[in-house]
2 protein chains.
Amino acid sequence: MNIGILGAGQLGQMLALAGYPLGNRFTFLDTTGGHSAAIGDIISDPQHQRLAEFLERVDVVTYEFEHLPVALIREIEAHRPVYPSSRAIAVCQNRVEEKALFDRLAIPTPEYRVVESAEALEHAARALGCPVVAKSTTEGYDGKGQAVLKAPEDAQSAWAAIGHSQLVVEAFVDFVREVSIIAVRGRDGEVRFYPMAENQHVDGILRYSVAPLPDLDDAVQHTADGYIRALLDELDYVGVLALELFQTRDGRLLANEMAPRVHNSGHWTQNGAVTGQFENHLRAVQGLPLGDTAARGVTCMANVIGREPASAEVLGQPGAHLHRYGKAERAGRKLGHINVVAPDHAALQTRLDAVAALLPGAPAPAFSFVS
Amino acid sequence: MNIGILGAGQLGQMLALAGYPLGNRFTFLDTTGGHSAAIGDIISDPQHQRLAEFLERVDVVTYEFEHLPVALIREIEAHRPVYPSSRAIAVCQNRVEEKALFDRLAIPTPEYRVVESAEALEHAARALGCPVVAKSTTEGYDGKGQAVLKAPEDAQSAWAAIGHSQLVVEAFVDFVREVSIIAVRGRDGEVRFYPMAENQHVDGILRYSVAPLPDLDDAVQHTADGYIRALLDELDYVGVLALELFQTRDGRLLANEMAPRVHNSGHWTQNGAVTGQFENHLRAVQGLPLGDTAARGVTCMANVIGREPASAEVLGQPGAHLHRYGKAERAGRKLGHINVVAPDHAALQTRLDAVAALLPGAPAPAFSFVS
């Protein structure tokens with residue numbers, strides 16, 4: 001089966017690496033004209049003129065990036081199956097629709113308001129109680145299109161800085177940690193859940209994900225499983241879905257946002273689960289049985305951002321698995337990741353400390369499992 | 001680092017899949033003009049005219065197939081590092097040199113004679129005691145260039161059938177099972193050993209490999225480690241080396257033959273070891289630290305030969321990992337393999353029985369660990 005992928009970055013590359021052993025071939029449609037890390041046939045199409053050529057070559061279409069025009073996905077759907085569907089994309093690229101869906105499915109979220117002026121933003125900040133986070137309804141990812149208001153008086157400058165006509169304003173959550181749940185749903189509706197991960201962000205960019213979590217109650221995992229299953233079933237979703245959540249001091253989960261694709265917080269599954277998220281996404285979109293999502297040992301994924309350590313230093317660390325994307329170094333850019341695998345969390349912490357020391361500017365990770 | 005690979009079959013493809021995450025890129029020199037499964041830049045060179053172009057593109061050279069002209073490897077060595085070296089290739093493609101090396105390093109082998117005529121073959125068969133196996137000194141692999149003599153009188157027809165000017169004649173070994181040891185040696189001389197595998201052949205082609213073995217004494221593994229280390233050090237070898245052995249009823253190991261490359265009996269390591277043989281070979285040839293060779297669970301590799309089962313059926317089996325090579329079906333052709341992973345040998349046997357039932361013409365495996 002020839003699989004078409006919209007986008008040609010590292011997620012596309014990792015999908016291809018997982019798919020060749022299944023007998024798949026890949027064609028990438030790259031509309032950015034920028035860097036391409038993909039392995040396979042790349043159709044570079046910055047002028048949006050080569051869609052027909054792309055469609056002719058592929059049996060099914062998926063994507064590595066959800067900030068795509070919904071109209072484009074609908075056009076493709078008229079000719080080829082697209083998974084996840086345009087409906088999933090439409091919801092995920094609009095924070096208001098996303099929140100409405102969470103509300104409808106009784107998935108708790110931080111308290112929020114939707115505002116369409118600086119005055120309304122100020123009012124919302126006052127009502128929710130500062131600090132609050134304001135986020136553009138559309139086009140926001142990796143911390144872009146966001147501002148923190150420490151006081152209602154920050155509303156004018158925040159409104160101007162974000163520069164969108166509609167924002168979602170969220171109350172700050174007194175969370176213990178950020179977690180995520182990743183699940184995959186097949187064409188036949190079968191769902192499998194990965195063990196939840198704890199995520200650490202710096203400057204809005206993911207730095208570390210660890211899974212499974214030693215101190216996570218089974219009930220919490222089951223709650224998260226229920227939330228993501230509700231989303232998957234409601235959207236008649238096919239493929240991997242990621243849901244980011246806050247875990248509060250009293251143990252509750254509040255949904256932050258979701259991503260309709262393979263996700264950075266699931267990269268640990270490449271070396272730490274029986275079947276990785278990339279393979280399971282491909283199994284789902286082509287209607288194959290899903291693979292076992294159980295963990296193998298415990299794993300921490302560390303993103304390589306901005307500057308790459310020497311491969312020899314990384315690979316000399318016990319349990320370290322290197323995943324480079326073949327990109328040029330640039331401040332704030334995701335260049336690769338390292339999956340550190342260990343038999344237990346004590347060993348993982350030791351191995352992780354050694355790997356973290358090789359990552360320029362990466363603070364030593366302090367996960368909640370560390371006493 | 002751009003890695004040049006001589007050959008463009010499935011071993012080259014699996015090397016590439018293991019190497020992209022390390023940041024490697026691949027250029028394949030395909031002198032066969034036949035099927036190419038490789039992922040990367042392929043230089044098709046059936047006329048042997050494009051070697052300079054190949055060398056210009058690559059930093060280091062390795063190969064997926066040892067039946068290459070030694071003169072070609074020496075020519076490449078004058079321009080780029082080649083691992084394993086031409087000396088390793090020269091020994092491995094000549095059974096007489098290989099046996100002499102085993103003898104020199106005190107690695108036991110089945111009793112043998114070298115013959116250069118049908119009369120000498122008959123004499124050797126009589127001296128060793130029939131049955132014996134006659135093998136061409138050069139150009140033999142996957143059961144080609146071989147004949148079994150049930151009686152000395154078969155010498156004339158066997159000599160004619162093999163059609164070589166020099167043969168090695170081996171006494172039959174009363175072995176309990178065929179095993180192999182795979183090890184990897186770095187540029188700095190560091191050596192790591194994988195757990196030994198038990199191998200089952202049908203018609204001279206490998207069908208199943210299982211590792212680790214529940215009933216293998218540590219002392220036997222250490223003996224095999226010692227044999228392969230002696231070979232690696234003697235040849236100042238860099239990369240993965242495979243050594244096939246017979247295990248006799250009284251527990252001894254007798255060396256059968258070796259292969260200077262990643263090996264079919266090591267494919268289980270892709271899903272069943274911390275670091276797979278393909279990644280470790282690449283780490284070795286580019287001077288990177290070697291990865292952990294420990295097993296994760298227990299694994300059986302089943303070759304897919306001649307005809308492919310439906311992917312959906314394979315992937316529906318617990319613990320099954322599919323590796324297709326993208327080749328057209330043909331009797332006797334290796335089209336892919338399935339790694340079946342389980343937490344223990346009892347579970348592995350159950351899973352394996354289910355997978356074996358999907359493989360056309362594959363007898364149900366009966367490993368020595370099965371009671």
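Each chain gets a letter, A, B and so on, in the order the sequences are listed, and its residues count up from 1.
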Donor-acceptor pair, side chain of Arg80(A) and main chain of Val58(A), under 3.5 angstrom: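 Checking the backbone N and O of Val58(A) against the side chain of Arg80(A), a donor-acceptor pair under 3.5 Å is found.
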Below 4.5 Å from any heavy atom of chain A, which atoms of [X] appear? Answer side chain, backbone, both or neither.
{"X": "His337(B)", "answer": "neither"}
{"X": "Ala294(B)", "answer": "neither"}
{"X": "Val314(B)", "answer": "neither"}

Sort Ala18(A) into side chain, backbone, both or neither according to what part of it lies under 4.5 angstrom from a heavy atom of chain B.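 When you check distances to chain B, no heavy atom of Ala18(A) falls under 4.5 Å.
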Ring geometry between Phe278(A) and His267(A) (parallel below 30°, tilted from 30 to 60°, perpendicular above 60°):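 Tilted.
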Would Tyr20(A) and Phe26(A) count as a close aromatic pair, with their ring centres under 6.0 Å?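 Yes, ring centres under 6.0 Å apart.
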Looking at the rings of Phe28(A) and Phe54(A), which for Trp means the six-membered one, are their centres under 6.0 Å apart?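 That pair fails the under 6.0 Å test.
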I'd like to verify something: which residue of Thr275(B), Leu290(B), Leu322(B) has the highest number of heavy-atom pairs under 4.5 Å with chain A?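 Looking at each of Thr275(B), Leu290(B), Leu322(B) in turn, Leu322(B) comes out on top.
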Looking at His323(B), Glu308(B), Arg296(B), which has the largest count of heavy-atom pairs under 4.5 Å with chain A?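 Between His323(B), Glu308(B), Arg296(B), the count favours Arg296(B).
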Does this structure show an ion pair linking Asp236(B) with Arg185(B), if we count only N-O contacts that are shorter than 4.0 Å?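 Salt bridge flag = yes for Arg185(B) with Asp236(B).
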